[in-house]
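A short write-up of the structure that comes next.
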Amino acid sequence: AAVSVRQLSQAIRQNPIEVIKQLMRNGLMANINEVIDYEAAAKIAADFGIEVRPQAIRSAASRRKKPEHEETKHLPLRPPVVTIMGHVDHGKTRLLDAIRQTHVMESEAGGITQHIGAYQVEVKGQKITFLDTPGHEAFTAMRARGARATDITVLVVAADDGIMPQTLEAIDHARAAGVPIIVAINKIDKPGANADRVKQQLADHGLVVEDWGGDTIAVGTSAKERLGIDDLLENILLVAEMEDLHADPTLPGTGVVIEAEMDKSRGAMATVLVQNGSLKVGDIVVVGETFGKVKAMFNDQGKHLRKAEPATPVVIMGLPVVPGVGDTLASVDSERQARQILSEKKAVKKPVSVSLASLHEQIASGKVKELNIILKTDVQGSIEPIRTSLEKLATDKLTVHIIHSGTGNVTENDVMLAIASHGLVIGFSTGVESGATRLADQEKIDIRRYDIIYNLIEDVDKALKGLIEPEI
Ligand code: GDP
């Protein structure tokens with residue numbers, strides 16, 4: 001078990017530079033991303049006059065919130081829903097294909113695979129649902145719409161290429177959502193494959209694999225040669241078990257739209273991931289801003305279903321219009337109830353977005369307890385000093401988290417992450433893509449741009465104290 005120097009610094013609220021110096025005094029040379037064991041971490045903490053139990057560091061290190069499942073424990077388990085993420089060309093699509101081809105549901109053998117946006121496989125009698133649109137973009141776009149569809153992330157890293165910018169983005173997006181990550185070190189068939197290098201890079205970013213004493217599961221795979229697929233699937237089931245995913249199939253069905261289109265002959269078709277309860281043919285459903293009746297329903301094998309249980313992806317027909325991806329679905333008793341729910345929905349205001357100008361007020365009213373920042377800079381070297389300075393501004397009423405940092409322009413993806421995490425975006429000596437500006441304006445996301453670190457830090461500090469000038 002281990003912790004990175006950054007995580008340790010955060011846990012004991014010390015400047016990482018001081019922590020690194022202290023490590024050096026103890027004969028350990030480590031950079032901020034380096035991982036040290038708990039004993040060393042506890043020793044350093046003690047040097048700062050802080051007594052820690054390993055567990056305290058561990059929980060500070062994994063900011064993941066455990067799902068609350070006390071009241072759902074007696075309910076049946078449901079299959080996990082998995083999204084595959086990773087850098088372009090590392091093999092996400094091919095891995096999804098390999099899993100589908102090797103594990104067509106035994107009971108459905110002979111069925112014709114339909115691409116409906118998600119599919120289910122069966123492993124040792126247990127089902128796993130895969131969302132078919134890989135990438136953290138789709139994942140965070142769903143979250144930005146308020147939908148949480150994914151239980152587990154499979155992070156694909158090509159063993160010959162190693163961690164790349166989008167790999168890091170994917171890690172941050174998954175972490176921001178509190179979704180556990182399983183790593184598939186892919187393309188192990190290639191001559192240039194180097195799994196150990198990938199493991200080192202993962203450790204540098206706080207994901208220490210199990211055989212190195214950490215708690216990140218990593219599996220070597222070849223989507224091309226179909227190696228390691230079973231191992232990956234079994235590990236997904238293992239993580240699912242730890243996550244304790246329950247649902248109640250006796251309730252009316254609820255879910256989320258993961259794909260939708262207009263079919264010339266069949267009308268609006270929507271792929272819905274049932275998340276709780278059971279969805280049935282004949283159900284009246286409220287979807288997004290409309291309602292309709294489920295006239296027919298089929299699964300990823302093209303098989304007609306009368307009933308779909310939790311974690312099942314199904315195509316439904318019968319909606320009057322094509323719903324939006326990320327829209328929620330709920331079965332209701334009657335058309336009257338559907339209309340009532342829709343009118344209530346309209347009255348519900350969206351959660352206020354965080355902005356520097358309103359931050360103080362939001363903290364004072366207790367609406368905001370953590371400030372989530374997406375930081376983009378021109379060069380890598382600017383990230384650490386800004387991160388360290390910003391995190392030091394935290395008070396007992398507010399924590400400051402840099403949930404994602406990277407170099408380059410502010411992208412639409414960054415804004416999506418800000419929407420999904422109720423955060424704001426800071427660009428340091430970098431531009432903003434036009435799509436990002438548009439989305440930010442539309443969703444009222446604050447994008448702040450600076451060229452001088454001092455001004456950046458001072459502005460956030462002022463905002464925390466309620467001293468910031470409103471923007472003109
Ligand atoms: P994506 O962009 O992450 O979805 O990547 P793709 O699945 O499209 O794969 C990118 C390229 O890598 C394609 O040419 C694949 O055939 C190839 N590829 C994917 N997985 C493997 C693998 O395990 N081994 C080898 N040798 N090639 C692979």
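Note that ligands are numbered from 1 as they come in the structure, with each ligand's atoms numbered from 1 the same way.
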### Message
Contact between ligand 1 and His87 is defined here as a heavy atom of the residue under 4.0 Å from a ligand atom; is it met?
### Response
yes

### Task
Evaluate the ring pair (Phe, Tyr, Trp, His ring centres under 6.0 Å) criterion for residues Phe130 and Tyr119: first the C-alpha distance (whole Å), next the side-chain angles of each, then the deciding distance (0.1 Å), finally the verdict.
CA-CA 5 Å; Phe130 284 90; Tyr119 64 84; 5.6 Å; yes

### Query
Do the side-chain N and O atoms of Gln275 and Arg148 include a donor-acceptor pair separated by under 3.5 angstrom?
no

#### Entry: Residue pair Asp283 / Ser331, side-chain donor-acceptor N/O under 3.5 Å
yes

### Query
So which of Arg226, Lys187, Gln166, Met85 gets nearest to atom 18 (N) of ligand 1, if we judge by its closest heavy atom?
Lys187

### Query
With backbone taken as N, CA, C and O and side chain as the heavy atoms from C-beta onward, which portion of His90 lies under 4.0 Å from ligand 1: side chain, backbone, both, or neither?
backbone

### Query
Which atoms from ligand 1 have a heavy atom of Val88 less than 4.0 Å away?
2 (O)

### Query
Between Thr430 and Asp378, do the side chains contain an N or O donor and an N or O acceptor separated by less than 3.5 Å?
no

#### Entry: Under-4.0 Å salt bridge between Lys376 and Glu433
no

### Message
So if I count the atoms of ligand 1 from 1 in the order they appear, which ones are less than 4.0 Å from some heavy atom of Asn186?
### Response
20 (N), 21 (C), 23 (O)

### Is_contact(atom 13 (C) of ligand 1), protein non-hydrogen, under 4.0 Å
no

### Query
For the side chain to side chain donor-acceptor pair (under 3.5 Å) test, which of His404, His173, Glu169, Arg145 pairs with Thr140?
His173

### Query
Tell me, which protein residue and heavy-atom name are nearest atom 7 (O) of ligand 1, and how many Å apart are they?
Arg94 N, 2.8 Å

### Message
If we count only N and O atoms by modelled type, under 3.5 Å, do the side chains of Asp204 and Gln200 hold a donor and an acceptor together?
### Response
yes

### Task
Around atom 23 (O) of ligand 1, find the nearest protein heavy atom and jot down its residue, atom name and distance.
Ala223 N, 2.8 Å

### Task
Give a yes or no on whether Glu289 atom CD has more than 12 heavy-atom contacts from other residues, nucleotides or ligands under 6.0 Å away.
no

### Query
Which residue and non-hydrogen atom of the protein lie closest to atom 6 (P) of ligand 1, and at what distance in Å?
Gly91 CA, 3.7 Å

### Query
If you measure from each non-hydrogen atom of Thr93 to ligand 1, which part falls under 4.0 Å: side chain, backbone, both or neither?
both

### Task
Please state which part of Asp89 comes within less than 4.0 Å of ligand 1, counting heavy atoms only: side chain, backbone, both or neither.
both

### Query
If you count the atoms of ligand 1 from 1 in the order shown, which ones are under 4.0 Å from a heavy atom of Lys190?
26 (N)

### Message
Give me the residue, atom name and distance of the protein heavy atom closest to atom 24 (N) of ligand 1.
### Response
Asp189 OD1, 2.7 Å

### Query
Less than 4.0 Å between a side-chain N and a carboxylate O, is that true for Lys190 and Asp160?
yes

